[in-house]
Structure formats: structure tokens, C-alpha cells
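Because the structure is a prediction, the values reported are computed rather than measured.
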Amino acid sequence: MTGVDQAAGRGAGAGPVLLGVRHHGPGSARAVRAALEEVRPRVVLIEGPPEADALIPLAADEEMRPPVALLAHAVDEPGRSAFWPLAGFSPEWIALRWALEHDVPARFIDLPATHTLAWERQEEEEATEGERPPAAEASPDGDTAPASAGLRIDPLGVLADAAGYDDPERWWEDVVEHRGAEEGDVLAPFTALEEAMGALRETFGSGGHDRDLVREAYMRLQVRAAQREFEDRVAVVCGAWHVPALRQKTTVAADKALLKGLPKVKADLTWVPWTHRRLARTSGYGAGIDSPGWYGHLFSAPDRPVERWLTKVAGLLRAEDRIVSSAHVIEAVRLAETLAAMRGRPLPGLSETTDAVRAVMCEGSDVPLALVRDRLVVGDVLGEVPPSAPAVPLQRDLTRLQRRLRLKPEALERELELDLRKENDAARSRLLHRLRLLGIAWGEPSASRGSTGTFRETWRLRWEPELSVRVAEAGVWGTTVLSAATAKAEADAVGAEGLADVTGLAERCLLAELPDALPTVMKVLADRAALDTDVGHLAQALPALVRSLRYGDVRGTDTGALAEVAAGLAERVFVGLAPACAGLDADAAEEMRGHVDAVHGAVALLGDAPAAGHARLRGRWQSVLRVLSGRDTVPGVIRGRAVRLLLDDGQLAHDEAALLMGLVLSPGTPPADAAAWIEGFVGGGSGGGMLLVHDERLLGLVDAWLTGVPAEAFTDVLPLLRRTFSAYEPGVRRTLGELVRRGPGTGGGATAAGRGAPGFAADFDTVRADAVLPVVRLLLGLDEVDENAGNNTGNNLAGVTG
């Protein structure tokens, strides 16, 4: 009997045509298409949430490009969501497209999302305190289902083990992906798979996935209803695991009893873009396949798939400047086919082609092979949905802004350089900062290359499907990105726990240009600053405020009120810092040193602000540093840092700094305290090494103190000194070693010919200085340089290089 005759035999009373598939299986997709062409059902029922029936026509839209996913989220709790992803090689997608192309009704028949979302919430609420709520895991046919307390099985793993395979993926490729439909019997693959799954269900029952019993009861009710309406000419496309349960003879009353009392929530559904990377198990979503890129290739290239695949690999490696010729491709194909024959496989699979690529094209290296897996085996394909797809108002506004600013969401991470002096780049920056404030992390700031100015920003952009959930979740704050970010900032300010949180929020409001949110944030900031007496909190808050002033200058924002708050905060830090530094232990002292550095940088920027009175802040701060540098109750690491900051600002002469160091390193000071002072003075990665290189007198003091440390105390100070000096660049450490070897502070220059350290001499080396003059002239664009001027320049350069 032919496949057509078999299909015809399933007429009235014969039951539906059950097409059991593996989700995202290209072999299943081809088999479903062939079966539907032969059976020609009057309705196609597909595993999926029935609330999405109204969204099915969008699958025919020209702007709909898989991979895509049905997104369901609770209306009153948008963060609670579920996805039903579909790739171009998914059997469900093929069934949808076939139904639309042939004007046949298509319906989803899985348990409604309104129950699925409520069920998950109920389970979390019922979880006992201290227990972890049930996690989502892959069900046997690739769906996400909550964990069950019973035995869980992987049907493909059991069948593969029974067939003698140690890899379920390889078994599936051999029996399905590399096996064509038998002549005239398009239903044979489904019959064989149904028999296998039936045996498993008889042995294992639900396999530990108890929720499947409820889902299958709902599906049976929907199949019965379709049979009555369409006279049994019904085709059902579902996970193969469910087929025996759908074939099972049960009563309507029994199925309804399983569904009685299920919790409900109001749910909204829409289509969202998906990615191949999110189809892979490694992404954390249990979609049932490890290699979506490979499966997509198998579906799109049924003829000569190995040759076409290895040609793709060669193209990728060539684009990465690896030498790969057509001869490599030919040899890789031969090797893959040989490996398949040796391993008893009908055709080379992913493992054979991967081994061939490693041996022939990658010369045995796994480094380029990792690129092949990332770009081709998994892939970064990002789907698209049409603008007509339902969306929350916030999503529509975001889509409009993305198009206006020419910021297309992409699955592959890319770097975006923005010049804030350009109107479009400034608008892009505002959008990205507003999205981050809303918790939509499409872009992450990174360090700008080639510029440290505030007019330039660098972002790393990567669109993940989960961001669609974040957008829906953020929709509770407003209908536009601007209004939502403003409302979110105000709420965050009121609910902030600490002063530093509010100052950081003020900085983010300026970056995102949210003028309507600033009054609320500033009021909360002023209130918190007035009540907070912890100097550490105040010191943490000040740098963020000062950075906000700089950002405001670049963006043309009025930051007068912010500047006044920052100045007042600085005054409070000045008053309370010295008492707060007294009597600290080592860990607290190290933390306070960081606060001192942060305040110093903030005051340097705040002192340049145009607001009245700000110019005197530097003088006030320098007075505080002098107090810290000379107070014995202040830990040595803070005293040393205060001396160093004064020296760098030109407020302390080198002679005075050497005197203070000499006092600290005198025999009366405990070695541990002296080592802490040295760490504060030359540590912290602030150029302390170069200071010792160019001031041999200070280096001599350190050297003399170190050689005089008693043996019993040396072990205690060694870790601190190693931490201090290990932060220096290798060249700096090498130079310091040379200086110590010849004896720093013993006369400055070389004591004898050939004995001085490289780069150090008793006088300027004018010959070396003159040698750089042609380069200087080239850099400055000078055609002619006066000879006397050249000599003067040489003398000046000698002061730097000699």
C-alpha cells in the first residue's frame, strides 16, 4: 500500500495523522513537508500555545525571517515569560508555512500559555523557604518544562544507547538526517519513530516529566474537536514523545479532570526575533540541538552537504587570513568520507567533518576550529519580525528610534564608536544610556580607543532575544523610552539604599539626558547627603557627582544645582576626613586610601568648575592633605599617600618630601609602619616607580632603610613591599635595579666609565639629544630650524633623555 493509500485509509473514524518530530530537526522538517504534500489534510494542528493562533498569518509576511520565537508574558508581571522558538528548519515552522501556502487552517494545540505561566509562578510560591525553585529544563522532545521529582529520561539518549551509540546526536543524524524517505511511503519515518517512543512510554511512563500528562490531555481534547469539525482529515505535528499519548484512547471526562483547577494569569503573546546561538544548548535554553548552524545547512543543502559545508569552512578560514586552497577542501572531503566509512556511518556527520577540518585545514590546531564552531556550527543568525507584529508601546517606540538612528539590532557583537559632538551620535548615546537605566542591556560601555576625553564613547552592542522580555517588562514605566527611563530613574532615586547609589543615578540621568528626572534625583541626593555622616560614603559619592559635571558640559546640560551639591559634599569630606582616618586597621586604611585618591581626582576636576567658590576647594583640600601627612594617629599608608599627592601637585618641595620620608624611615619607626608609608607614597600604580627613578635621593632613603630592617622584621614587611614594587612596569623595575646596584644617592652620575646604568650619566648627552632633532622637525612640520634654536632644543631634550 502506498503512502497516499495509507493516508486515504485514515478517513472518517481512522484517526488523525500524527507526525512525531524532533523540534528543530531538519530531517523531521523535510519529512513533515513530504507527508503534508501527500496527506493533504484539511487542518494542521501544531504543538504550541493556542493564544498564538491569531499570530499565525504573520508567518507568511515577507519581513518575517526565522529564527523567530513566540513570546508569552504575564500582563501583570512581564518578567515572567516563556518562549517557543522556531528556526527555518523546524518542523513546526515548515508546517505553518505549508498551511499558509495551501490556504489550510493551522492551529496551536499545546497547553495555553495562561496556564503555563501561572503554573510556574505557583510552583515558585509553593517552594519551601531556602529551597531552589524548580528550574526550567529540556523536556524529551526539546520543550522547556519544569523539573519533576521523578525519574527523568532523555528518549534520544535511551534509543541511541540501545542502538550501540554513545552520542544521541550522532545516532539521530544516522537514522534520520542521513536517511531519505522510502519510495512511496512518506509516513514510514513517523511510524518507526512512533513505535520507538511507544516502547519508551510503556517502560518509563511520563519519563519524569509529569506536566506532559496535563499537556497531552489538553492536546487530545483539541484533536478531538478538530476531527469533528474537519471529518478526521487532521494532521498533527508534535514532539515524537507525545505521539503515543495522543494515540491513547481516553475519555473526554478523564482528560478534562486532569485540566481542572489549573491556575491562570492574563498573558500576551507576540513574535520576537531569535538567534541560532539561543537554539544551542550551550546558551542555556534547552532547545534540543547542539549545532543549529550545521542543522540549518543540512536542511538548506540536501544534496552534497559535506562538500558544500567544507566549502563554507574554507571561505571562513580564508576570510581570517588562513591559507586554505581548493586542494584542502578536496582532501578534507576525502578524509571525512573515509572516517565515516571506518566508523560505519551512512554519510559523514558533524564529527567527521570537524575531524577533517582540524587535520587538513587547521593543521591539527583547535584554535581556528573554535572559530568554525562559533561562526558556522552554532552561528549568529538573527531573525526578523514584521512591524505589524503585536508589541507593547515601548517596543514600538524603541523600534522607531532604532530605525531613525540607524542602529540595527544584530546577534553578532560589534563595537560602536560615538563622537558626542555629532548630533546623531549624541542621540545614539542617549538611547543606549536610557536603555541601560531600564535594565535593557543592549549595549555595554567600554574604554574608548585613542581618546580619554568625555566627548567620545565606545559601546559593545549585541542583541539577545531575552531583551524583548526586558522591553516588555520595562513597559510598565512608560510608553516611550524617554518617559519610561524618567519614571524608572525617579523610582530608583526614592528607593535607593545609599548615598553612592543616588549619586550614581544622578550621573546616569545626565548621561541619558533625563531633565525631568533630575529634580527628584537632586532632592533625594540633597536629603541623603545632609543625613549621611559616614565620611566613606561621602567620599564614594563625590567622584560620581564630579563626573556628572563633566558629562553635563559635553552634553550642554545645566548642572548648576549639581555643582553646588558637589561643592557642599566636598566641604563635608574635608571636615570629617582627618578624624575618620584615625585608628584604622590595615584593611580599613587601605580602603580609605582609595577614598583619598578618589576625592583628590574629584577635587581637581571640581576646582576647574566655573561656579563661584569652587576655585578655593583645591586650597582647602591641600590643607587637609597636610594634616593627614603629619598626624601620627593616621595610618602610614594614608600619610604616605598624602605626601605623594602634595608632591605631585607642586605643594611640597622634594627636599621636604625627602625629610618626611627620612623621619618615617628612621630607626624609631616600626618596620611595618614604615613599609605601609612607602606603599602609600610610591604604590598604587600612580607613577611611584618613575619618581624613584628620577629622584635617586628618595631611592637612596628607601634602600638604606631596607638594608637596615632587622632580620626578624624583614619577613613581616616583605609581602607589603613585594605588592608595592610588583605593580611597576618591567622596564622601571630593571632601571631601579641598575640604580641600586651602582648605589643611588652616591653622587648622581656614573662613578666610572662604563659603570653607570644605561641612560644615566654625569651630564647631558648632547649627541644623543641632537639625533632626535630630524624626527622632531618632521613631527612639527618645520622645514628649516635655526641652528641656535636647534642647539637649544637639543639641550632641552638632553634633560629628558640624558
Side-chain angles (χ1 to χ4, degrees), residues 71-81 117 265-273 385 387-409 416 418 420 423-445 457 459 461-497 501-525 548 551-552 555 557:
L71 162 64
H73 65 85
V75 173
D76 60 345
E77 194 180 355
R80 186 171 301 283
S81 59
L117 298 174
V265 296
K266 188 177 181 181
D268 277 347
L269 278 84
T270 187
W271 289 106
V272 296
V385 299
S388 55
V392 296
L394 181 62
Q395 177 66 67
R396 294 193 180 280
D397 184 60
L398 174 58
T399 302
R400 177 185 62 83
L401 292 172
Q402 288 171 333
R403 290 179 176 176
R404 181 170 68 83
L405 299 176
R406 298 187 296 279
L407 274 178
K408 183 179 180 181
L416 179 67
L418 298 178
L420 302 182
E423 182 177 352
N424 193 64
D425 281 4
R428 289 176 168 181
S429 172
R430 289 193 295 269
L431 173 62
L432 294 172
H433 280 295
R434 289 170 183 174
L435 292 177
R436 290 191 77 234
L437 198 149
L438 287 169
I440 305 169
W442 177 21
E444 289 293 333
E457 285 182 349
W459 292 81
L461 301 183
R462 184 170 185 166
W463 185 266
E464 300 285 1
E466 286 82 355
L467 295 180
S468 299
V469 179
R470 303 283 81 81
V471 174
E473 195 172 10
V476 300
W477 298 107
T479 58
T480 66
V481 175
L482 175 58
S483 64
T486 299
K488 181 69 162 52
E490 293 174 343
D492 286 350
V494 174
E497 296 182 358
D501 296 330
V502 186
T503 55
L505 184 59
E507 180 181 10
R508 295 168 69 186
C509 285
L510 287 171
L511 290 170
E513 196 170 310
L514 302 175
D516 293 340
L518 273 178
T520 300
V521 176
M522 293 305 302
K523 182 179 184 304
V524 174
L525 176 60
S548 300
Y551 294 137
R555 290 166 168 79
T557 308

To the nearest 0.5 Å, what is the distance between CG on L420 and CG on L418? 6.5 Å
Side chains of S388 and W271: does their closest heavy-atom pair fall under 4.5 Å? no
Can you confirm whether Q395 sits close enough to R400 that some side-chain heavy atom of one is under 4.5 Å from a side-chain heavy atom of the other? no
Rounded distance [0.5 Å steps], NZ in K408 versus CD in Q402: 11.0 Å
Checking E490 against T486: is there a side-chain donor and acceptor pair closer than 3.5 Å? no
Atom of E513, atom of R434 and distance for their closest heavy-atom approach: O-NH2, 3.0 Å
Quick one, V75 and V265 - any side-chain contact, counting heavy atoms below 4.5 Å? no
Not counting sequence neighbours, which residues clear side-chain hydrogen bond (donor to acceptor under 3.5 Å, both in side chains) with S81? List them please. none
Interatomic distance, CG@L398 vs CZ@R403, rounded to 0.5 Å, equals 11.0 Å
Which residues satisfy the salt bridge (Lys or Arg N to Asp or Glu O under 4.0 Å) test with D492, sequence neighbours excluded? K488
How many angstroms lie between CZ in R430 and CG in L405, if you round to the nearest 0.5 Å? 8.5 Å
Sub-3.5 Å donor-acceptor pair from the side chain of D397 to the main-chain atoms of V481, do we have one? yes
Does any part of the side chain of L71, heavy atoms only, come nearer than 4.5 Å to the side chain of L269, both counted from C-beta? no
From S429 OG over to N424 CG, what is the distance, rounded to the nearest 0.5 angstrom? 11.5 Å
Who pairs with R404 by side-chain hydrogen bond (donor to acceptor under 3.5 Å, both in side chains), at least two apart in sequence or on another chain? none
Nearest heavy-atom neighbours spanning P387 and R396: O-NH1, 3.2 Å
Less than 4.5 Å apart, side chain to side chain, heavy atoms only: is that true for L407 and L416? yes
Report the residues that fulfil side-chain contact (heavy atoms from CB on, under 4.5 Å) with A487, sequence neighbours left out, ordered by chain and then residue number. W477
Which pair of non-hydrogen atoms, one from L394 and one from G475, has the smallest distance, and what is that distance? CD2-N, 3.6 Å
Check whether any side-chain heavy atom of L461 lies under 4.5 Å from a side-chain heavy atom of L432, and answer yes or no. yes
Which heavy atom of V502 sits nearest to which heavy atom of A496, and what is that distance? CG2-CB, 3.6 Å
For residues 436-444, please give each side-chain donor-acceptor pair under 3.5 Å, one per line with the distance, not counting sequence neighbours.
none

Partners meeting side-chain contact (heavy atoms from CB on, under 4.5 Å) with E464 (sequence neighbours left out): R278, R462, E466, L467
Minimum side-chain heavy-atom gap E473-H73 below 4.5 Å: no
Judged by modelled atom types alone, do S483 and T480 share a side-chain donor-acceptor pair under 3.5 Å? yes
Would you indicate whether the side-chain heavy atoms of L514 and L482 approach each other to under 4.5 Å? yes
Shortest non-hydrogen separation from G478 to A484 and the atoms involved: N-CB, 3.8 Å
Please find the pair of heavy atoms, one from L518 and one from C509, that lie closest to each other, and give the distance. CD2-CB, 4.0 Å
